[in-house]
Amino acid sequence: MANKDKEIESLKEAIKFWEVNVEAAKLKGPEEFKEAKRKLLGLQGRLNKAIKKGEEGWMRKGWLARRKLKKKGGEEWGAYKEGKEKYTEEKRAMRPERGRALFGFGGEGPRKASDVLLSPGFIMFFYMAAFFLIIIPNPILIAGLFFLAIALFLSFRSGNQTYTVMAGAVIGAIITRGYLSGFIPLYGFDRLIGLFMAVGSASFMQLITKYDEDTPYEKLMVGGFGVVIVITTLIFITMIETFYLIIWLISILLFWTALVMNYPEKHPLGTKVSKMIPLICLVGAGIFYGLAYAFTIGGVMFGGVIDTIMHSLGGTSSSGGSIFDMILNPKLALAAQLKPPTEREYAPGATAPPNIAFTTSFQAIPLTGCYEHSIYTIIGKIKNTGTAFIDDIRLTIKTEEGISNPSVCQSGEVKDSLKKPDGVEGCIWHQGIQIAPGSTVSKSCLAGPVNVPTGLEELVNWFGDMICLPNCDFAYQGGEDVLPSHRCFFDVTASTAFHSRSRLPIEIIDNSYAKNKYLQGTLVSSIRPSTSSVGPVEFSLGGIEQPVWDNNDAVTMIVSTVNTGNGEVNEYSSIYLLIPKNLLDEEDGKPTCNNDDWVCFNYEGPVYEYSSGGGTWKDNAEALKQFAEGEGVGSIENFKLTYDSSLDNEVLKSDYAICFYNKGISGGSLMQTATCNLKMRPNPEGTLRRTEIIRGDVLYTYKVTSDASFEVRDCTI
Amino acid sequence: MKHELIMMVIGIILISGCTGLEGIMNMFGISGVATKQETILQPQQGLGVTSFTIAVTDMLADTYNYVLMSVRNHAGGANAKNIMVSLENVKPFQLHECDYDRDASSIRTELCNQFYNDFGVPYKAHKINEMFPDEEVQFFWNIKAPDEGEIAKMKYNHIIYYTLSYDYAMVTTKTIAGISQDEFLRQSEEGPVTITGQQVSSAGEIKFTSTTQEPFIYLEGSGKTDINLNFEIENQGEGMATPETELIIIIKKPADTTINYNNEKITQFGWKNVSEMQSEHGNLSEIYTELASNTGDQLIRSISSDNLNSGKQTVSVPIKFDSSTFHEPQKILTFTVYITYNYLKEGQTTLSVYPIK
């Protein structure tokens, strides 16, 4: 305590000394005056701290302690009140000088206009105004630039280098202001979060840095920035646009720091507040950023669910903002989360990646081993590069066909206990793999000598999968005719079944009406593009002429499937179209296609009668049944289960024709086209426009293969 | 000086704040004060659609929605008759009426709590017999979205059109100015003679404009002068004359013995007597009761809507002006033209169906 008293006394003496010096420095020049002022303020700050830590440490007592003290009353409470009043008075006495130092007002002695204009507070005010006007929406940007110009002018006049940092910060804010808005979908929140981050980070830095009048500002700043940059980098490292976020943050930080560091002994918001602000602002900003992350990255990872909702919210409507539609119709929002409907479609010609896409890769550890004793860890990887969740994919690794693999590389026999399903080849195989968008799934196993070394089971378990081990005895056990080395080649194949759907609305316009619109010059083509579900095979319908209804009018439809993915079609199961009866010939109820590749069946009237004992087939339905059986589908019920469960309602009850592509379809055929002539039935009386929707579906398995290899050597040589 | 500077800075701040107020309000999701102005029909509109909206533009498959349409008759127009509003391109949507889902083109055979005269018209349409000037009527339909399968389980954007058709009449009064030759020469000495009549028209989509050379010149007390009254007729509205209909034009001359139609030429110019036209087009006097009493002053003719929709049409009326007993330097002749037509307007709106049940 005695030391503290001495320190306080010493500081008071020093303050008196510097107060004289300040007056003297006024006569020497502005730089000397500022330096002396700075020293004086520093000493006053230190004195305050010393007083708090010393005899008047009671000032630091909390509200509860003070309350207890007040209740207790007596001499101690009287001392407290006296000490508090004295402390307050001292602070009040300091105000004029501090005010004068900050803003040029108050204090004693003559003043000039430049004392105000070039005072730190005044210049800071312009920087603050410029900063806030710049970060908020566009109309104020110009005003912000105006304020910035004034601030820069006054900064140069003042000759203080610290303001250069602030100018850089504001200019940085101008440059980077656009990036946050691109990252965060909620309008206005980017600025709000930016402010949170700025205040929080600057306050945090204020806490971790200590002012020392012997330490140059620059060192303090650099030290503080370093800590903050490291922390923010750790927080945002996993986010996109980290670079821009940090630039933004640093820009704000530089500005704020420059503000508070000029008068470090007093945080503008008070000690307690300054401790709370970092916590509130940083955590708050983290939550906001987390939400933003969920809305963008998370939306993609989980099938674009949230993105879909945001897309829906962002739509326009003639009856007002569609956000109200969502509020009015919560079922839509709820269901959209469960099943995103829009991401599976795209406009033809769009460059968006398909939602179902994946790549494969292979890794062997080691890449080179020995005949006798090496055990290879074989890792097959599938990466989901699309935007949808793949819930059933199969991975196989087998020796590559067409390559002369030596006997050492051939797969071993399948053991009875680990029978593979029919039709599955390769020694490593997995089914039912689920992969989230953007993530990679690895499946590993071991291959090595037939005689598995003792204890290998544990190692296998460590890798988490031993299903392939009995099937993959790649390595030769040695022998007299062993070559020095062999390279074993493999195919790593991932495959999944997929539907590509297509929909073509044909909007037909009445002939007479169209003619008059044409005469008026107001006829707009009603040809509408088809919409395809996104997948590696693009299944499209199109080629319709302007569909104007007239007697005996017909349009041509072209059907095509094109492989636009990175793999190949392993097998086509079926391609079929559903064509409404209004686009069919009235007599035979079928479209006319240019070849016999398409087999069409017409359903006029009730064709399948359900009863408790089963159904009765009639007419064309019987033909479809036979066709379905011929295709190996078995029955129409199986067909519905396999292809389209909606066929029950659509085909059997709604008078559609169903057309199958009846040509032998193989995986190697990447493009199939067909042309069908559709005859439009007359419009109902008084109908000027109508739309008929043709739908199609192609079911196939799609596979992506990559090559892989490892080397086996005779290590005894 | 410093005080002025400070005041100036404060002023700038305040002004900046005001100019950026809208942006700040937007930032925090506060919209400014909005004034909603009533839709005003233009003079070139008879009946106008003041709004065509869908209650919810994003629908779920197999759910219901409302289409709303407001129609107003121009206050400066005539009574509109046989007003029919209809939705077009409804399929694959259905209409829900009287507790059942209906095909849009099916004929309505029952009415449920509605004041429209809809019996016997398709479910997609509503009909009322007459609308008075400045009367406004709102029509609505309850539509049902297609199910998932019908839209192939992909989000479906659909355009629904409306059509509004109605019978309308427009009245134009045109005065034609004539001048005697002597008077014309006298006035010519003082400068160009620019005497023209006036034209006043009621609201409507069909524009009827006189292109008659004015003033016509006659000789006082000296026999008959042949004059051709020329008019241009064009569609100035956003819609079209309903295809496969005809516009009827009736011209009524002033009850003045000095004016007569040139009977030798009226047939050549496409005009007929009202009685002839009545036999072809039915009872015209329903609309023009005021004309039926004095059909001798009227001529009538028709124009195909196809011709009118392809551009301006010109009609001429041959008349003879008898000045043998007329001794005045100027003459003003007032003609009244009635045009009746069936007009068709179209508009559209878009809605989306999400394949979610």
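Heavy-atom basis, side chains included; hydrogens, waters and symmetry copies ignored. Residue numbering restarts at 1 for every chain, and letters A, B, ... go by the order of the sequence lines. Note that this is a predicted model, so its numbers are computed, not measured.
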**Q** Working to the nearest 0.5 angstrom, can you tell me the gap between A:Gln520 CD and B:Asn235 CG?
**A** 5.5 Å
**Q** For B:Ile151, is there any backbone N or O sitting under 3.5 Å from a side-chain donor or acceptor partner on A:Arg503?
**A** yes
**Q** Closest approach of B:Ser305 and A:Asn516, non-hydrogen atoms and distance?
**A** O-OD1, 3.9 Å
**Q** Could you tell me whether B:Glu88 and A:Arg690 make a salt bridge, using a distance below 4.0 angstrom between a side-chain N and a carboxylate O?
**A** no
**Q** So which part of A:Lys515 gets closer than 4.5 Å to some heavy atom of chain B, the side chain, the backbone, both or neither?
**A** side chain
**Q** Look up atom OG1 in B:Thr163 and atom OH in A:Tyr513, then write down how far apart they are to the nearest 0.5 Å.
**A** 7.0 Å
**Q** Mind running salt bridge (charged side-chain N to carboxylate O under 4.0 Å, His left out) on B:Glu346 and A:Lys517 for me, showing each step along the way?
**A** CA-CA 11 Å; B:Glu346 183 187 76; A:Lys517 285 186 81 69; 3.3 Å; yes
**Q** For B:Lys91 and A:Thr691, work out which heavy atoms get closest and say how close.
**A** O-CB, 3.5 Å
**Q** For residues 237-244 of chain B, tabulate all N or O donor-acceptor pairs below 3.5 Å that involve a side-chain atom, not counting sequence neighbours.
**A**
unit_1	atom_1	unit_2	atom_2	d
B:Thr242	OG1	B:Asn342	O	3.1
B:Thr242	OG1	B:Asn342	OD1	2.4
B:Glu244	OE2	A:Ser512	OG	3.2

**Q** More than 12 non-hydrogen atoms from neighbouring residues, nucleotides or ligands closer than 6.0 Å to NZ on B:Lys207, yes or no?
**A** no
**Q** Could you give the distance from CD1 (B:Ile159) to CD (A:Glu507), rounded to the nearest 0.5 Å?
**A** 6.0 Å
**Q** Do A:Leu688 and B:Leu344 come within less than 4.5 Å of each other through their side chains, counting heavy atoms only?
**A** yes
